[in-house]
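Here the structure is laid out as structure tokens; the discussion comes afterwards.
Indexing begins at 1, ligand by ligand and atom by atom, following the structure's order. Heavy atoms only: backbone and side chains are in, while hydrogens, waters and symmetry mates are out.
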Amino acid sequence: MAERETWATRVGFILAAIGSAVGLGNIWRFPFQTSANGGAAFLVVYLLAVLLIGIPVLLAEFVIGRRANTSAIGAFRKLGRPGWWFVGAVGVIAAFWTLSYYSVIGGWVIRYIGGSITGGALAAPESYFGAISVGLPSVGTHAIFMLITIGIVALGIEDGIELATKVMVPAVVVMLVGLAAFAATLPGASEGYAFFLNPNLDTIIANAGTVLPAAFGQAFFSLSVGFSVMITYASYLGKNDSLPVDGVTIGISNTIIGVLAGLVVLPLLFAQGVEPGSGGPGAVFVAIPTALAELPGGGLVGQAVGVVFFGVILIAALSSAISLLEVVVAYLVDNYGFSRLPTAAGIGAAIFLLGIPSAWETAWLDWFDGIGVTLLLPITVLFVVLFVGWILGQDAIDELTDGSGIGSLAPIWLWGIRTFILAVVVIVVAINLWDLLAT
Ligand code: PHE
Ligand code: NA
């Protein structure tokens with residue numbers, strides 16, 4: 001059998017992981033989750049969730065992946081009691097499931113780049129979105145997005161994912177900084193910042209039952225944990241990298257880019273007097289073009305900003321989509337020795353088919369997102385935490401500290417995983433299950 005692939009460089013791995021983390025979650029989901037859950041109040045809980053729970057869980061997935069040196073399902077088998085393979089399987093299913101609708105939204109983004117160039121998306125935002133987000137047009141752009149994703153994954157780890165994300169992640173950062181600087185010049189931008197940056201603790205307390213699970217769901221989704229993605233990416237890692245340093249770098253970069261996206265979206269909306277609205281898949285696609293159309297300087301400024309804005313989203317979405325497809329492909333390549341290209345194409349086609357209902361009708365997309373983020377995701381996280389905390393135990397500490405000099409913090413991390421983090425994740429799962437069963 002051919003030797004297993006690895007990342008060419010440590011930076012390559014970090015950028016690929018940041019590329020996975022930064023995506024529609026930061027630019028599309030985060031600003032609207034924030035505005036639907038009390039603005040800055042949500043931001044505070046989200047930041048705590050990332051720091052206290054998200055990053056430690058990210059490290060847990062890194063530990064599993066690098067220690068096993070094989071993709072998710074095999075990793076649990078190799079490290080644990082054989083019965084634990086199902087945790088990886090749920091993660092792989094979650095990745096398959098999520099990509100099916102993620103790609104639909106990615107397709108809309110492609111469409112909106114075109115719509116910004118022609119001006120059609122800005123002229124009548126509501127009816128434009130209504131026309132392109134359902135039925136055959138939406139299925140068509142979904143297909144295009146999947147084809148690009150398949151193409152990159154088919155090229156492999158080093159020549160595909162690593163090379164692509166090395167270009168994509170810096171491009172996203174540069175373009176977002178430019179857009180944020182532009183948004184800052186708009187009159188009225190300060191209202192957007194105020195909404196984003198002034199926490200109101202009463203809001204959190206009054207709405208704890210919805211704000212907490214929403215913030216945790218967003219934190220996990222955003223860090224790409226619970227989908228076996230980070231397990232898979234870490235499995236291509238060498239023993240010399242410092243997992244804690246890499247994990248903290250990835251978690252903090254993802255958060256900074258998320259906040260940066262908020263600093264673009266919210267001032268833009270507030271400056272133009274457009275309400276952020278209550279969220280939902282259409283929000284960014286209707287509100288942003290509405291705001292763009294009203295920019296000073298005539299339609300061309302709005303169109304140009306629109307191309308850059310949707311360009312950033314497309315790049316960010318693609319670098320996440322390839323990580324979701326890679327999870328499934330890696331499993332088949334590792335376990336059955338299939339070759340990459342036909343595997344990526346076949347799995348990509350199956351994911352395309354599963355996404356057709358979401359492309360056809362946005363109610364389906366909401367349903368797929370709901371099941372993925374509130375059910376599959378927290379349940380996988382729960383089992384990852386149990387596995388690393390209570391099955392790997394000391395081995396997890398050894399793996400975490402291998403290649404790094406921060407050994408003394410590792411026992412605190414493991415202790416957190418075993419107790420506090422486990423408890424929080426159990427509560428999140430319980431609330432979500434309760435909500436799901438009650439509706
Ligand atoms: N983290 C990505 C985002 O924020 C979504 C994602 C989740 C990607 C899980 C891969 C795995 O858009
Ligand atoms: Na993200």
Taking both backbone and side-chain atoms of Phe221, is any N or O found less than 3.5 Å from an N or O belonging to ligand 1?
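Yes.
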So for ligand 1, is Leu24 a polar contact partner (N or O within less than 3.5 Å, distance only)?
yes
Looking only at non-hydrogen atoms, the one of Gly25, Gly23, Ser20, Gly19 nearest atom 2 (C) of ligand 1 is Ser20
When you measure from atom 11 (C) of ligand 1 to each heavy atom in Leu324, Ile18, Val373, which option holds the nearest one?
Leu324
Hey, do the aromatic rings of Phe13 and Phe62 have their centres closer than 6.0 Å?
yes
So, for Tyr128 and Tyr112, is the gap between ring centers shorter than 6.0 Å?
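Here the rings of Tyr112 and Tyr128 have centres that are less than 6.0 Å from each other.
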Residue portion contacting ligand 1 (non-hydrogen atoms closer than 4.0 Å) for Ala21:
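It is the backbone that gets close, since no side chain atom is under 4.0 Å.
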Give the contacting part of Tyr102 toward ligand 1: side chain, backbone, both or neither, where contact means a heavy-atom distance below 4.0 Å.
side chain
Out of all atoms in ligand 1, which are within 4.0 Å of some heavy atom of [X]? Include the element for each.
| X | value |
| --- | --- |
| Ser323 | 10 (C) |
| Ser224 | 1 (N), 2 (C), 6 (C), 7 (C), 8 (C), 9 (C), 10 (C), 11 (C) |
| Asn26 | 4 (O) |

For Ser222 and Tyr46, work out which heavy atoms get closest and say how close.
OG-OH, 3.4 Å
Criterion ring-ring contact (aromatic ring centres under 6.0 Å, His included) against Phe76, the qualifying member of Phe387, Trp85, Tyr331, Trp84
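For Phe76, the ring-ring contact (aromatic ring centres under 6.0 Å, His included) check succeeds only for Phe387.
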Option passing ring-ring contact (aromatic ring centres under 6.0 Å, His included) with His142 (candidates Tyr101, Phe352, Trp360)
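With His142 as partner, ring-ring contact (aromatic ring centres under 6.0 Å, His included) holds for just one option, Phe352.
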For ligand 1, is Phe30 a contact, meaning one of its heavy atoms is under 4.0 Å away?
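The answer is no, since Phe30 has no heavy atom less than 4.0 Å from ligand 1.
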Are any side-chain N or O atoms of Arg67 and backbone N or O atoms of Ala396, one a donor and one an acceptor, separated by less than 3.5 Å?
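Absent.
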For the residue pair Phe285 and Trp108, categorise the inter-ring angle as parallel (less than 30°), tilted (30 to 60°) or perpendicular (more than 60°).
perpendicular
